[in-house]
**Q** 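Got a structure for you, written out below as structure tokens; questions coming shortly.
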Amino acid sequence: MANRNIIITGAAKGIGKACVEHFLNENETVIALDIDESALNQLDIKNSNLHCFTCDVSNGNAVKNTIKTAIEKVGNIDVLINNAGIQRYSTITETTEDEWDLVMNVNLKSAFLCAKYAIPSMQQKEKGVVINVSSVQAFITQKNVAPYTTSKTAMLGLTRSIAVDYAPNIRCVAVCPGTVDTPMLRDAIQESDNPEKVYQECIDMHLTKRICPPNEVAELIGFLASDKAGSITGQAFRVDGGLGIHIGGN
Ligand code: NAD
């Protein structure tokens with residue numbers, strides 16, 4: 001199990017950072033990709049099992065060169081975790097073409113690009129796992145998140161395609177969080193008129209009456225990326241505190 005080489009995108013904060021900590025604790029080698037260089041530098045950079053790369057994962061040349069350099073450094077890629085993502089709040093009529101492209105490129109195209117350049121290394125070893133971090137928004141949605149929910153739903157199609165095209169040696173699984181306590185959530189809440197009230201509303205939305213800590217998402221990803229999940233592929237797993245399943249009434 002240990003000493004696999006694991007790419008994590010959006011690794012500097014939130015769920016990505018929790019994944020970095022999880023896999024380093026498991027004695028794996030982590031290749032951390034993020035656009036935010038200063039946040040990357042705050043990871044455990046003295047750990048010799050951690051290799052950080054500043055990389056905009058929506059940029060094809062950047063992804064190609066970074067993964068090539070990473071493979072030269074560590075030898076091969078065993079696991080890819082497509083986690084980088086951004087949220088923008090708008091309806092279809094409000095969304096500009098540039099905003100639409102930005103959300104699609106960071107949330108969806110990045111997963112295509114990283115898979116495109118990491119899977120050949122997995123094929124050489126005849127073994128590998130791709131985990132796509134989607135969202136509960138692939139199943140249910142809210143107002144004003146049209147590009148985001150579209151990108152996260154498309155990730156489930158990408159997950160199935162990778163699972164079918166590269167079976168039996170390479171598995172691909174999607175993880176769909178509900179509300180997770182990360183900078184993405186905190187920043188969004190801060191933009192509201194009453195952050196405390198909105199935070200409480202987020203708690204109340206979940207059947208579990210709590211907001212998921214990022215390490216619990218990392219635990220699920222860790223399991224799905226392990227050989228213990230060897231019969232799981234092409235599926236989406238919700239880690240969402242039961243968000244949206246309650247019809248209401250008694
Ligand atoms: P976050 O904003 O806290 O962290 C995201 C990281 O991605 C940051 O370090 C950021 O610098 C990096 N990033 C952004 N654009 C990038 C780019 N172009 N190239 C490389 N790195 C880039 O977000 P999070 O909450 O940890 O979210 C991680 C993933 O989980 C995202 O895909 C998000 O959509 C998904 N998700 C989050 C929640 C939640 O409630 N936090 C819920 C469902 C799904």
Side-chain angles (χ1 to χ4, degrees), residues 7-22 31-43 52-67 80-89 99 101-114 131-142 145 147-156 158-159 174-191 198-199 201-203 205-206 208 210-218 220-221 236-241 243-244:
I7 294 180
I8 302 169
T9 73
K13 285 178 252 162
I15 294 169
K17 184 180 176 187
C19 288
V20 171
E21 289 163 356
H22 175 89
I31 299 130
L33 273 49
D34 206 288
I35 199 170
D36 185 339
E37 189 171 6
S38 69
L40 262 185
N41 286 333
Q42 287 165 36
L43 295 177
C52 293
F53 294 90
T54 307
C55 176
D56 175 355
V57 289
S58 67
N59 178 312
N61 279 333
V63 172
K64 185 179 178 183
N65 293 333
T66 302
I67 293 183
L80 165 66
I81 299 167
N82 284 314
N83 167 73
I86 54 171
Q87 173 64 288
R88 291 290 183 274
Y89 292 94
E99 279 170 336
D101 288 344
L102 179 69
V103 173
M104 289 299 154
N105 289 345
V106 176
N107 292 6
L108 182 62
K109 185 181 164 194
S110 66
F112 149 67
L113 289 170
C114 291
I131 307 279
N132 291 325
V133 180
S134 172
S135 166
V136 72
Q137 300 249 2
F139 300 95
I140 55 173
T141 195
Q142 64 191 111
V145 292
Y148 183 83
T149 201
T150 305
S151 69
K152 292 299 181 181
T153 308
M155 273 192 119
L156 302 194
L158 180 70
T159 301
V175 168
C176 302
T179 309
V180 186
D181 202 346
T182 67
M184 178 187 276
L185 175 72
R186 297 277 173 172
D187 293 348
I189 284 177
Q190 279 312 316
E191 281 176 25
V198 175
Y199 191 79
E201 283 170 0
C202 286
I203 291 172
M205 279 190 310
H206 298 78
T208 47
R210 68 197 280 270
I211 291 178
C212 183
N215 66 300
E216 290 184 13
V217 183
L220 176 61
I221 290 172
F237 287 82
R238 288 169 70 159
V239 46
D240 65 359
L243 191 61

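Atoms within each ligand, like the ligands themselves, are counted from 1 in listed order. When reading the values below, keep in mind they use all heavy atoms of this one structure, side chains included, and skip hydrogens, waters and symmetry mates.
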**Q** Check each of Thr182, Leu220, Val133, Val136 against Pro177 using the side-chain contact (heavy atoms from CB on, under 4.5 Å) test, and report the only one that passes.
**A** Val133
**Q** Ignoring hydrogens and angles, tell me if any N or O in the side chain of Thr9 forms a donor-acceptor pair with the backbone of Ala84 under 3.5 Å.
**A** yes
**Q** Looking at side-chain heavy atoms only, is the closest gap between Leu43 and Cys52 below 4.5 Å?
**A** yes
**Q** To check your reading of the model: name the closest protein heavy atom to atom 5 (C) of ligand 1, its residue, and the distance in Å.
**A** Gly85 O, 4.2 Å
**Q** Which ligand 1 atoms, with their elements, are less than 4.0 angstrom from a heavy-atom of Gly14?
**A** 3 (O), 26 (O)
**Q** Return the residue, atom name and 0.1 Å-rounded distance of the protein heavy atom closest to atom 7 (O) of ligand 1.
**A** Gly10 CA, 3.3 Å
**Q** Using a plain distance cutoff, I'd like to know if Ile86 has any nitrogen or oxygen under 3.5 Å from a nitrogen or oxygen of ligand 1.
**A** no
**Q** Please examine the side chains of Val57 and Ile35, heavy atoms only from C-beta on, and report whether any two atoms are closer than 4.5 Å.
**A** no
**Q** Which of the numbered atoms in ligand 1 are under 4.0 angstrom from any heavy atom belonging to Asp56?
**A** 17 (C), 18 (N), 19 (N)
**Q** Once you round to the nearest 0.5 Å, how far does OG of Ser134 lie from CG of Asn82?
**A** 11.5 Å
**Q** Looking only at distances, please establish whether an N/O atom of ligand 1 is found under 3.5 Å from an N/O atom of Ser135.
**A** no
**Q** With a 4.0 Å cut-off on heavy atoms, does Thr179 reach ligand 1?
**A** yes
**Q** Would you call Cys55 a ligand 1 contact, heavy-atom distance under 4.0 Å?
**A** yes
**Q** Is there a polar contact, in the sense of an N or O pair closer than 3.5 Å, between Val180 and ligand 1?
**A** yes
**Q** Show which atoms of ligand 1 fall inside a sub-4.0 Å distance from at least one heavy-atom site of Lys152.
**A** 31 (C), 32 (O), 33 (C), 34 (O)
**Q** With the threshold set at under 4.0 angstrom, would you say Gln87 reaches ligand 1 through any of its heavy atoms?
**A** no
**Q** Would Ala11 count as a contact residue for ligand 1, given that I'm defining contact as a non-hydrogen atom of the residue lying under 4.0 Å from a ligand atom?
**A** no
**Q** Just distances here: any N/O of Val57 and N/O of ligand 1 closer than 3.5 Å?
**A** yes
**Q** Does any N or O atom in Asp36 lie less than 3.5 angstrom from one in ligand 1, N or O only?
**A** no
**Q** May I ask you to test the Gln142-Gln137 pair for a side-chain heavy-atom distance under 4.5 Å?
**A** yes
**Q** Provide, to 0.1 Å, the distance between atom 41 (N) of ligand 1 and the closest protein heavy atom, together with that atom's residue and name.
**A** Thr182 OG1, 3.1 Å
**Q** For a 4.5 angstrom cut-off between non-hydrogen side-chain atoms, does Lys152 reach Val145?
**A** no
**Q** If you measure from each non-hydrogen atom of Ser134 to ligand 1, which part falls under 4.0 Å: side chain, backbone, both or neither?
**A** backbone
**Q** How does Asp34 reach ligand 1, if at all, at less than 4.0 Å between non-hydrogen atoms: by side chain, backbone, both, or neither?
**A** both
**Q** Any heavy-atom pair between the side chains of Asp240 and Cys176 that's under 4.5 Å?
**A** no
**Q** If hydrogens are left out, which of Val133, Asn83, Asn107 has an atom nearest to atom 32 (O) of ligand 1, that is, the closest non-hydrogen atom?
**A** Asn83
**Q** Who are the side chain to side chain donor-acceptor pair (under 3.5 Å) partners of Thr179, not counting sequence neighbours?
**A** His206
**Q** Checking side-chain contact (heavy atoms from CB on, under 4.5 Å) against Phe53, which of Leu40, Ile67, Thr66 comes through?
**A** Thr66
**Q** Do Leu102 and Arg88 come within less than 4.5 Å of each other through their side chains, counting heavy atoms only?
**A** yes
**Q** Write out the residue and atom name of the closest protein heavy atom to atom 15 (N) of ligand 1, then the distance separating them to 0.1 Å.
**A** Val106 CG1, 3.7 Å
**Q** With a 4.5 Å cut-off on side-chain heavy atoms, are Asp181 and Tyr199 touching?
**A** yes
**Q** Give a yes or no on whether the backbone of Ala11 and the side-chain of Asp34 come within a donor-acceptor separation of less than 3.5 Å.
**A** yes
**Q** Using a heavy-atom cut-off of under 4.0 Å, does the side chain or the backbone of Gln137 touch ligand 1, or both, or neither?
**A** neither
**Q** Just by distance, do the side chain of Thr153 and the backbone of Thr149 share a donor-acceptor pair under 3.5 Å?
**A** yes
**Q** Considering both backbone and side-chain atoms of Ile35, is one of its nitrogen or oxygen atoms within less than 3.5 Å of a nitrogen or oxygen in ligand 1?
**A** yes
**Q** Can you pull out the closest protein heavy atom to atom 43 (C) of ligand 1? Residue, atom name and distance to 0.1 Å, please.
**A** Pro177 O, 3.3 Å
**Q** Which protein heavy atom lies closest to atom 26 (O) of ligand 1, and at what distance to 0.1 Å?
**A** Ile15 N, 2.8 Å
**Q** Measuring from atom 27 (O) of ligand 1, which candidate in Lys109, Arg186, Met184 has the nearest non-hydrogen atom?
**A** Met184
**Q** Which residues satisfy the side chain to side chain donor-acceptor pair (under 3.5 Å) test with Arg210, sequence neighbours excluded?
**A** Glu216
**Q** Give the numbers and elements of all ligand 1 atoms closer than 4.0 Å to a heavy atom of Tyr148.
**A** 33 (C), 34 (O), 35 (C), 36 (N), 43 (C), 44 (C)
**Q** Could you tell me whether ligand 1 has any atom less than 4.0 Å away from a heavy atom of Gly178?
**A** yes
